[in-house]
Amino acid sequence: MNGLIQGVKGLLSFLSAPLIGALSDVWGRKSFLLLTVFFTCAPIPLMKISPWWYFAVISVSGVFAVTFSVVFAYVADITQEHERSMAYGLVSATFAASLVTSPAIGAYLGRVYGDSLVVVLATAIALLDICFILVAVPESLPEKMRPASWGAPISWEQADPFASLKKVGQDSIVLLICITVFLSYLPEAGQYSSFFLYLRQIMGFSSESVAAFIAVLGILSIIAQTIVLSLLMRSIGNKNTILLGLGFQILQLAWYGFGSEPWMMWAAGAVAAMSSITFPAVSALVSRTADADQQGVVQGMITGIRGLCNGLGPALYGFIFYIFHVELNELPMPESPPGGSVVTQYHLQQNSIIPGPPFLFGACSVLLALLVALFIPEHTNLNLRSSNWKKHCGSHGHPHSPQTPGEAKEPLLQDTNV
(Lines give C-alpha, C1' and ligand atoms only; values in the text may rest on other atoms or scores of the structure.)
Protein backbone atom coordinates (compact mmCIF):
# COMPACT_ATOMS: atom_id res chain seq x y z
CA MET A 1 0.00 0.00 0.00
CA ASN A 2 2.84 2.38 0.88
CA GLY A 3 4.61 1.66 -2.40
CA LEU A 4 1.42 2.28 -4.38
CA ILE A 5 0.79 5.58 -2.59
CA GLN A 6 4.35 6.80 -3.12
CA GLY A 7 4.23 5.72 -6.76
CA VAL A 8 1.03 7.64 -7.53
CA LYS A 9 2.17 10.66 -5.51
CA GLY A 10 5.58 10.68 -7.19
CA LEU A 11 4.14 10.46 -10.70
CA LEU A 12 1.71 13.32 -10.00
CA SER A 13 4.52 15.42 -8.53
CA PHE A 14 6.64 14.74 -11.61
CA LEU A 15 3.87 16.03 -13.89
CA SER A 16 2.78 18.99 -11.77
CA ALA A 17 6.02 20.43 -10.35
CA PRO A 18 7.15 22.22 -13.57
CA LEU A 19 3.61 23.53 -14.07
CA ILE A 20 3.33 24.88 -10.51
CA GLY A 21 6.78 26.43 -10.82
CA ALA A 22 5.94 28.02 -14.17
CA LEU A 23 2.67 29.48 -12.86
CA SER A 24 4.48 30.88 -9.83
CA ASP A 25 6.80 32.68 -12.28
CA VAL A 26 3.71 34.43 -13.66
CA TRP A 27 1.38 34.90 -10.69
CA GLY A 28 3.83 35.14 -7.79
CA ARG A 29 5.25 32.76 -5.18
CA LYS A 30 3.18 33.42 -2.05
CA SER A 31 -0.13 32.04 -3.34
CA PHE A 32 1.50 28.85 -4.61
CA LEU A 33 3.54 28.48 -1.43
CA LEU A 34 0.23 28.60 0.47
CA LEU A 35 -1.36 26.10 -1.93
CA THR A 36 1.48 23.57 -1.80
CA VAL A 37 1.86 23.70 2.00
CA PHE A 38 -1.91 23.28 2.45
CA PHE A 39 -2.13 20.18 0.25
CA THR A 40 1.05 18.70 1.74
CA CYS A 41 -0.50 18.90 5.23
CA ALA A 42 -4.15 18.22 4.28
CA PRO A 43 -3.98 14.41 4.70
CA ILE A 44 -2.76 14.60 8.34
CA PRO A 45 -6.13 14.87 10.17
CA LEU A 46 -7.58 12.09 7.99
CA MET A 47 -5.29 9.58 9.71
CA LYS A 48 -7.77 9.44 12.60
CA ILE A 49 -10.93 10.03 10.56
CA SER A 50 -10.61 7.39 7.85
CA PRO A 51 -7.48 5.47 6.76
CA TRP A 52 -8.85 4.95 3.24
CA TRP A 53 -9.57 8.65 2.81
CA TYR A 54 -6.06 9.31 4.11
CA PHE A 55 -4.56 6.96 1.50
CA ALA A 56 -6.65 8.55 -1.26
CA VAL A 57 -5.92 12.17 -0.32
CA ILE A 58 -2.19 11.65 0.26
CA SER A 59 -1.93 10.06 -3.20
CA VAL A 60 -3.79 12.88 -4.94
CA SER A 61 -1.95 15.53 -2.86
CA GLY A 62 1.11 14.77 -4.99
CA VAL A 63 -0.30 17.22 -7.56
CA PHE A 64 0.32 20.14 -5.17
CA ALA A 65 2.82 18.67 -2.69
CA VAL A 66 5.79 20.24 -4.49
CA THR A 67 6.72 22.87 -1.92
CA PHE A 68 10.45 22.63 -2.65
CA SER A 69 10.18 24.03 -6.19
CA VAL A 70 8.30 27.13 -4.98
CA VAL A 71 10.56 27.58 -1.94
CA PHE A 72 13.76 27.38 -4.00
CA ALA A 73 12.34 29.82 -6.57
CA TYR A 74 11.40 32.14 -3.67
CA VAL A 75 14.97 31.93 -2.35
CA ALA A 76 16.32 32.78 -5.82
CA ASP A 77 14.09 35.88 -5.91
CA ILE A 78 15.39 37.34 -2.63
CA THR A 79 19.10 36.42 -2.72
CA GLN A 80 22.10 37.47 -4.75
CA GLU A 81 23.72 34.85 -6.96
CA HIS A 82 26.71 34.31 -4.67
CA GLU A 83 24.41 33.78 -1.66
CA ARG A 84 22.16 31.13 -3.14
CA SER A 85 24.16 27.98 -2.41
CA MET A 86 24.28 28.91 1.27
CA ALA A 87 20.56 29.77 1.25
CA TYR A 88 19.63 26.47 -0.42
CA GLY A 89 21.81 24.67 2.12
CA LEU A 90 19.90 26.37 4.95
CA VAL A 91 16.56 25.31 3.42
CA SER A 92 17.72 21.69 3.14
CA ALA A 93 19.25 21.83 6.63
CA THR A 94 16.02 23.02 8.25
CA PHE A 95 14.23 20.18 6.48
CA ALA A 96 16.81 17.78 7.93
CA ALA A 97 16.34 19.36 11.37
CA SER A 98 12.61 18.65 11.21
CA LEU A 99 13.35 15.02 10.32
CA VAL A 100 15.65 14.79 13.36
CA THR A 101 13.20 16.21 15.89
CA SER A 102 9.70 15.26 14.75
CA PRO A 103 9.96 11.41 14.76
CA ALA A 104 11.37 11.43 18.30
CA ILE A 105 8.70 13.89 19.53
CA GLY A 106 5.92 11.94 17.79
CA ALA A 107 7.12 8.59 19.16
CA TYR A 108 7.34 9.96 22.72
CA LEU A 109 3.93 11.64 22.66
CA GLY A 110 2.34 8.58 21.03
CA ARG A 111 3.75 6.28 23.69
CA VAL A 112 2.76 8.52 26.62
CA TYR A 113 -0.51 10.14 25.47
CA GLY A 114 -1.64 8.07 22.48
CA ASP A 115 -1.65 8.57 18.70
CA SER A 116 -4.63 10.93 18.70
CA LEU A 117 -2.61 13.68 20.37
CA VAL A 118 0.15 13.30 17.77
CA VAL A 119 -2.32 13.77 14.89
CA VAL A 120 -4.01 16.75 16.60
CA LEU A 121 -0.66 18.41 17.33
CA ALA A 122 0.59 17.84 13.76
CA THR A 123 -2.63 19.32 12.38
CA ALA A 124 -2.29 22.36 14.67
CA ILE A 125 1.32 22.93 13.56
CA ALA A 126 0.22 22.68 9.89
CA LEU A 127 -2.50 25.31 10.48
CA LEU A 128 0.04 27.53 12.24
CA ASP A 129 2.33 27.19 9.22
CA ILE A 130 -0.46 28.26 6.86
CA CYS A 131 -1.31 31.26 9.08
CA PHE A 132 2.39 32.19 9.16
CA ILE A 133 2.53 32.23 5.35
CA LEU A 134 -0.63 34.35 5.17
CA VAL A 135 0.51 36.91 7.74
CA ALA A 136 4.31 37.04 7.75
CA VAL A 137 5.63 35.87 4.36
CA PRO A 138 5.81 38.67 1.74
CA GLU A 139 5.56 38.15 -1.99
CA SER A 140 9.06 37.73 -3.44
CA LEU A 141 8.43 38.08 -7.17
CA PRO A 142 8.80 41.75 -8.23
CA GLU A 143 5.55 43.40 -9.29
CA LYS A 144 6.97 44.38 -12.69
CA MET A 145 7.50 40.70 -13.54
CA ARG A 146 3.86 39.75 -12.92
CA PRO A 147 0.73 40.51 -14.97
CA ALA A 148 -1.52 43.24 -13.66
CA SER A 149 -3.99 40.77 -12.16
CA TRP A 150 -4.82 37.11 -11.71
CA GLY A 151 -7.11 37.49 -14.68
CA ALA A 152 -4.19 37.85 -17.08
CA PRO A 153 -4.41 35.27 -19.86
CA ILE A 154 -2.14 32.21 -19.68
CA SER A 155 -1.74 30.26 -22.88
CA TRP A 156 -1.62 26.46 -22.98
CA GLU A 157 2.03 26.67 -24.05
CA GLN A 158 2.75 28.47 -20.78
CA ALA A 159 0.74 26.02 -18.64
CA ASP A 160 1.54 22.76 -20.45
CA PRO A 161 3.20 20.43 -17.90
CA PHE A 162 4.94 18.56 -20.73
CA ALA A 163 6.36 21.70 -22.36
CA SER A 164 9.42 21.87 -20.13
CA LEU A 165 10.00 18.14 -20.60
CA LYS A 166 9.96 18.57 -24.38
CA LYS A 167 12.58 21.30 -24.10
CA VAL A 168 14.88 19.27 -21.88
CA GLY A 169 16.37 17.45 -24.85
CA GLN A 170 16.89 20.72 -26.72
CA ASP A 171 19.30 22.11 -24.11
CA SER A 172 22.31 19.90 -23.38
CA ILE A 173 23.03 21.53 -20.00
CA VAL A 174 19.47 21.01 -18.73
CA LEU A 175 19.53 17.44 -20.00
CA LEU A 176 22.80 16.69 -18.18
CA ILE A 177 21.52 18.22 -14.92
CA CYS A 178 18.21 16.32 -15.13
CA ILE A 179 19.94 12.98 -15.82
CA THR A 180 22.33 13.61 -12.93
CA VAL A 181 19.45 14.34 -10.53
CA PHE A 182 17.49 11.29 -11.68
CA LEU A 183 20.39 8.81 -11.41
CA SER A 184 21.54 10.14 -8.02
CA TYR A 185 18.15 10.60 -6.35
CA LEU A 186 16.61 7.30 -7.50
CA PRO A 187 18.70 5.20 -5.06
CA GLU A 188 18.30 7.83 -2.35
CA ALA A 189 14.50 7.66 -2.57
CA GLY A 190 14.58 3.85 -2.48
CA GLN A 191 16.94 3.96 0.48
CA TYR A 192 14.56 6.19 2.48
CA SER A 193 11.74 3.69 2.03
CA SER A 194 13.58 0.63 3.31
CA PHE A 195 16.79 1.53 5.11
CA PHE A 196 15.54 1.88 8.68
CA LEU A 197 13.64 -1.41 8.43
CA TYR A 198 16.82 -2.91 6.96
CA LEU A 199 18.76 -1.69 10.00
CA ARG A 200 16.33 -3.39 12.35
CA GLN A 201 15.72 -6.69 10.60
CA ILE A 202 19.03 -7.39 8.86
CA MET A 203 21.62 -5.46 10.86
CA GLY A 204 19.98 -6.08 14.25
CA PHE A 205 19.51 -2.47 15.43
CA SER A 206 17.07 -1.90 18.28
CA SER A 207 14.33 0.74 17.97
CA GLU A 208 16.36 3.07 20.21
CA SER A 209 19.46 2.57 18.04
CA VAL A 210 17.50 3.43 14.88
CA ALA A 211 16.16 6.62 16.52
CA ALA A 212 19.71 7.56 17.59
CA PHE A 213 20.97 6.83 14.06
CA ILE A 214 18.34 9.18 12.54
CA ALA A 215 19.23 11.92 15.04
CA VAL A 216 22.99 11.72 14.50
CA LEU A 217 22.59 11.53 10.71
CA GLY A 218 20.30 14.57 10.76
CA ILE A 219 22.64 16.65 12.90
CA LEU A 220 25.62 15.80 10.68
CA SER A 221 23.52 16.64 7.58
CA ILE A 222 22.69 20.07 9.02
CA ILE A 223 26.40 20.78 9.55
CA ALA A 224 27.25 19.50 6.05
CA GLN A 225 24.55 21.57 4.30
CA THR A 226 25.44 24.82 6.05
CA ILE A 227 29.09 25.15 7.11
CA VAL A 228 30.71 22.51 4.87
CA LEU A 229 28.65 23.42 1.77
CA SER A 230 29.49 27.10 2.11
CA LEU A 231 33.23 26.38 2.44
CA LEU A 232 33.25 23.99 -0.51
CA MET A 233 31.32 26.35 -2.81
CA ARG A 234 33.81 29.13 -2.11
CA SER A 235 36.93 26.97 -2.36
CA ILE A 236 36.33 24.42 -5.15
CA GLY A 237 33.29 25.84 -6.99
CA ASN A 238 29.78 24.68 -7.77
CA LYS A 239 30.44 21.84 -10.18
CA ASN A 240 33.22 20.29 -8.11
CA THR A 241 30.98 20.42 -5.02
CA ILE A 242 28.37 18.39 -6.91
CA LEU A 243 31.01 15.86 -7.98
CA LEU A 244 32.33 15.58 -4.41
CA GLY A 245 28.81 15.03 -3.06
CA LEU A 246 28.19 12.29 -5.62
CA GLY A 247 31.52 10.68 -4.67
CA PHE A 248 30.47 10.59 -1.01
CA GLN A 249 27.13 9.06 -2.04
CA ILE A 250 28.85 6.25 -3.99
CA LEU A 251 31.07 5.48 -0.98
CA GLN A 252 28.09 5.54 1.39
CA LEU A 253 25.93 3.20 -0.72
CA ALA A 254 28.81 0.78 -1.31
CA TRP A 255 29.47 0.72 2.43
CA TYR A 256 25.79 0.06 3.13
CA GLY A 257 25.84 -2.73 0.54
CA PHE A 258 28.92 -4.58 1.81
CA GLY A 259 28.61 -3.64 5.50
CA SER A 260 27.81 -6.56 7.78
CA GLU A 261 28.37 -5.01 11.22
CA PRO A 262 26.51 -2.20 13.04
CA TRP A 263 29.63 -0.02 13.35
CA MET A 264 29.91 -0.05 9.55
CA MET A 265 26.40 1.39 9.28
CA TRP A 266 27.33 4.19 11.69
CA ALA A 267 30.47 5.01 9.71
CA ALA A 268 28.57 4.95 6.41
CA GLY A 269 25.92 7.21 7.97
CA ALA A 270 28.58 9.88 8.57
CA VAL A 271 29.52 9.66 4.87
CA ALA A 272 25.81 9.85 3.96
CA ALA A 273 25.57 13.18 5.79
CA MET A 274 28.35 14.56 3.60
CA SER A 275 26.55 13.35 0.46
CA SER A 276 23.57 15.57 1.37
CA ILE A 277 25.41 18.59 -0.11
CA THR A 278 24.60 17.42 -3.64
CA PHE A 279 21.00 18.64 -4.00
CA PRO A 280 21.56 22.22 -2.69
CA ALA A 281 24.60 22.49 -4.98
CA VAL A 282 22.56 21.29 -7.99
CA SER A 283 19.76 23.75 -7.17
CA ALA A 284 22.29 26.58 -6.91
CA LEU A 285 23.77 25.65 -10.30
CA VAL A 286 20.35 25.58 -11.95
CA SER A 287 19.38 28.88 -10.30
CA ARG A 288 22.52 30.63 -11.50
CA THR A 289 21.94 29.40 -15.04
CA ALA A 290 18.28 30.46 -15.27
CA ASP A 291 16.89 33.93 -15.84
CA ALA A 292 14.94 35.69 -13.07
CA ASP A 293 11.57 34.93 -14.70
CA GLN A 294 12.45 31.23 -15.11
CA GLN A 295 13.35 30.27 -11.54
CA GLY A 296 10.02 28.59 -10.80
CA VAL A 297 9.95 26.37 -13.87
CA VAL A 298 13.55 25.16 -13.58
CA GLN A 299 13.28 24.44 -9.86
CA GLY A 300 9.95 22.75 -10.59
CA MET A 301 11.62 20.55 -13.16
CA ILE A 302 14.24 19.37 -10.63
CA THR A 303 11.56 18.83 -7.97
CA GLY A 304 9.44 16.93 -10.49
CA ILE A 305 12.28 14.53 -11.25
CA ARG A 306 12.76 14.00 -7.51
CA GLY A 307 9.03 13.27 -7.27
CA LEU A 308 9.33 10.68 -10.03
CA CYS A 309 12.23 9.08 -8.15
CA ASN A 310 10.13 9.02 -4.97
CA GLY A 311 7.66 6.89 -6.89
CA LEU A 312 10.14 4.61 -8.67
CA GLY A 313 12.84 4.26 -5.99
CA PRO A 314 10.86 2.28 -3.36
CA ALA A 315 9.52 -0.09 -6.04
CA LEU A 316 13.04 -0.63 -7.43
CA TYR A 317 14.55 -1.37 -4.03
CA GLY A 318 11.69 -3.66 -3.06
CA PHE A 319 12.08 -5.58 -6.33
CA ILE A 320 15.85 -6.02 -5.83
CA PHE A 321 15.37 -7.17 -2.23
CA TYR A 322 12.81 -9.66 -3.56
CA ILE A 323 15.15 -10.97 -6.29
CA PHE A 324 17.94 -11.59 -3.76
CA HIS A 325 15.53 -13.11 -1.22
CA VAL A 326 16.15 -10.50 1.45
CA GLU A 327 12.86 -10.29 3.35
CA LEU A 328 12.15 -7.02 5.18
CA ASN A 329 9.16 -8.14 7.23
CA GLU A 330 8.34 -6.66 10.62
CA LEU A 331 9.65 -9.40 12.90
CA PRO A 332 9.25 -9.26 16.70
CA MET A 333 12.40 -7.76 18.17
CA PRO A 334 13.89 -9.23 21.35
CA GLU A 335 14.90 -7.00 24.22
CA SER A 336 18.24 -5.26 23.77
CA PRO A 337 20.94 -6.49 26.16
CA PRO A 338 22.75 -3.84 28.25
CA GLY A 339 25.61 -2.18 26.43
CA GLY A 340 25.07 -3.85 23.07
CA SER A 341 22.77 -3.94 20.05
CA VAL A 342 20.51 -6.81 19.15
CA VAL A 343 21.70 -9.31 16.55
CA THR A 344 18.57 -11.11 15.45
CA GLN A 345 18.41 -14.76 14.54
CA TYR A 346 17.49 -13.71 11.01
CA HIS A 347 20.66 -11.64 10.81
CA LEU A 348 22.74 -14.65 11.84
CA GLN A 349 21.16 -16.65 9.02
CA GLN A 350 22.27 -14.08 6.45
CA ASN A 351 25.51 -15.55 5.12
CA SER A 352 25.47 -13.87 1.73
CA ILE A 353 28.55 -11.96 0.56
CA ILE A 354 26.43 -8.85 -0.13
CA PRO A 355 23.99 -8.14 2.74
CA GLY A 356 22.35 -5.21 0.94
CA PRO A 357 22.17 -5.77 -2.85
CA PRO A 358 19.96 -2.71 -3.64
CA PHE A 359 22.54 -0.37 -2.15
CA LEU A 360 25.18 -1.66 -4.59
CA PHE A 361 22.79 -1.14 -7.48
CA GLY A 362 22.31 2.37 -6.11
CA ALA A 363 26.07 2.94 -6.00
CA CYS A 364 26.30 1.95 -9.68
CA SER A 365 23.48 4.39 -10.52
CA VAL A 366 25.25 7.25 -8.70
CA LEU A 367 28.50 6.34 -10.48
CA LEU A 368 26.68 6.89 -13.77
CA ALA A 369 25.37 10.21 -12.40
CA LEU A 370 28.94 11.21 -11.57
CA LEU A 371 30.10 10.41 -15.11
CA VAL A 372 27.23 12.47 -16.55
CA ALA A 373 27.96 15.38 -14.18
CA LEU A 374 31.55 15.52 -15.44
CA PHE A 375 30.18 16.89 -18.74
CA ILE A 376 28.28 19.78 -17.10
CA PRO A 377 30.12 22.97 -18.15
CA GLU A 378 31.68 25.31 -15.61
CA HIS A 379 29.62 28.27 -14.41
CA THR A 380 31.65 30.81 -16.43
CA ASN A 381 30.73 29.05 -19.67
CA LEU A 382 27.08 29.11 -18.68
CA ASN A 383 27.21 32.86 -18.13
CA LEU A 384 28.74 33.44 -21.57
CA ARG A 385 26.16 31.17 -23.15
CA SER A 386 23.35 32.91 -21.31
CA SER A 387 24.48 36.36 -22.42
CA ASN A 388 24.75 35.19 -26.03
CA TRP A 389 21.21 33.87 -25.93
CA LYS A 390 19.98 37.09 -24.36
CA LYS A 391 21.54 39.04 -27.25
CA HIS A 392 20.00 36.65 -29.73
CA CYS A 393 16.57 36.92 -28.08
CA GLY A 394 16.74 40.63 -27.25
CA SER A 395 13.97 41.55 -29.70
CA HIS A 396 11.42 39.06 -28.43
CA GLY A 397 9.51 41.70 -26.49
CA HIS A 398 7.62 41.28 -23.22
CA PRO A 399 8.59 38.22 -21.15
CA HIS A 400 5.04 36.92 -21.19
CA SER A 401 4.35 37.55 -24.87
CA PRO A 402 3.19 34.61 -27.01
CA GLN A 403 5.92 32.43 -28.44
CA THR A 404 6.48 32.44 -32.17
CA PRO A 405 7.23 29.23 -34.03
CA GLY A 406 10.82 30.30 -34.68
CA GLU A 407 11.57 30.37 -30.94
CA ALA A 408 10.73 26.71 -30.37
CA LYS A 409 14.39 25.62 -30.37
CA GLU A 410 15.47 28.18 -27.74
CA PRO A 411 17.19 26.43 -24.80
CA LEU A 412 14.94 26.15 -21.74
CA LEU A 413 17.12 27.90 -19.18
CA GLN A 414 17.45 30.94 -21.41
CA ASP A 415 13.86 30.84 -22.69
CA THR A 416 12.17 34.15 -21.87
CA ASN A 417 8.67 32.67 -22.16
CA VAL A 418 7.18 30.74 -19.21
Side-chain angles (χ1 to χ4, degrees), residues 2-7 9-11 13-14 175-205 210 213 217 221 242-262 264-279 282 302 304-329 346-347 349-375:
N2 185 56
L4 179 64
I5 290 169
Q6 293 301 323
K9 186 176 180 181
L11 180 62
S13 298
F14 171 65
L175 184 63
L176 291 172
I177 292 173
C178 288
I179 293 173
T180 301
V181 171
F182 180 80
L183 291 175
S184 63
Y185 195 73
L186 185 66
E188 189 174 338
Q191 174 187 316
Y192 285 149
S193 69
S194 60
F195 182 63
F196 300 118
L197 194 57
Y198 175 81
L199 286 180
R200 287 192 60 187
Q201 303 307 330
I202 308 301
M203 301 309 301
F205 275 51
V210 172
F213 187 92
L217 186 62
S221 297
I242 295 172
L243 297 176
L244 185 63
L246 293 173
F248 277 121
Q249 191 177 357
I250 293 170
L251 178 60
Q252 160 228 330
L253 288 168
W255 212 337
Y256 282 160
F258 285 112
S260 57
E261 298 296 331
M264 296 181 181
M265 296 297 104
W266 284 98
V271 178
M274 283 300 300
S275 72
S276 64
I277 63 175
T278 305
F279 182 60
V282 168
I302 301 300
I305 291 174
R306 282 166 61 96
L308 181 65
C309 293
N310 283 329
L312 296 177
L316 176 65
Y317 266 50
F319 180 66
I320 297 173
F321 273 125
Y322 173 77
I323 289 177
F324 284 86
H325 306 291
V326 181
E327 295 295 335
L328 294 183
N329 296 322
Y346 190 83
H347 172 51
Q349 293 171 352
Q350 286 297 110
N351 296 318
S352 59
I353 298 173
I354 305 173
F359 303 112
L360 286 185
F361 278 87
C364 295
S365 176
V366 180
L367 179 60
L368 292 176
L370 180 66
L371 295 175
V372 172
L374 287 170
F375 292 94

- Query: Nearest heavy-atom pair of Gly269 and Phe213: which atoms, and what distance?
  - Reply: CA-CZ, 4.0 Å
- Has the side chain of Gln249 got a donor or acceptor atom that lies under 3.5 Å from a matching backbone atom of Ser184? yes
- Item | Value rounded to 0.5 Å, distance of CE in Met274 from CD in Gln252 | 12.0 Å
- List the steps and the verdict of side chain to side chain contact (heavy atoms under 4.5 Å, CB included) for Val372 and Leu368. CA-CA 6 Å; Val372 172; Leu368 292 176; 5.5 Å; no
- Report the distance from atom OG1 of Thr278 to atom OH of Tyr185, rounding to the nearest 0.5 Å. 12.0 Å
- Query: Once you round to the nearest 0.5 Å, how far does CG of Leu186 lie from CG of Leu312?
  - Reply: 6.0 Å
- Of all heavy-atom pairs between Pro187 and Gly362, which one has the smallest distance, and what is that distance? CB-CA, 3.4 Å
- Item | Interatomic distance, Leu217 atom CG to Ser221 atom OG [nearest 0.5 angstrom] | 4.5 Å
- Task: Could you check if a side-chain atom of Leu176 sits within less than 4.5 angstrom of a side-chain atom of Ile179, using non-hydrogen atoms only?
- Result: no
- Message: Using the rule side chain to side chain contact (heavy atoms under 4.5 Å, CB included), only one of Thr180, Leu244, Ile250, Ile242 pairs with Leu370; which is it?
- Response: Ile250
- Task: Please report the closest heavy-atom contact between Ala254 and Ala363, naming both atoms and the distance.
- Result: N-CB, 4.1 Å
- Item | Partners meeting ring pair (Phe, Tyr, Trp, His ring centres under 6.0 Å) with Phe361 (sequence neighbours left out) | none
- Item | Considering all heavy atoms, the nearest Met265-Trp255 contact | CE-O, 3.9 Å
- Message: Could you measure the distance from the CZ atom of Phe279 to the CD atom of Glu188? Nearest 0.5 Å is fine.
- Response: 9.5 Å
- Item | Distance, nearest 0.5 Å, that separates CZ of Phe182 from CG of Leu308 | 5.5 Å
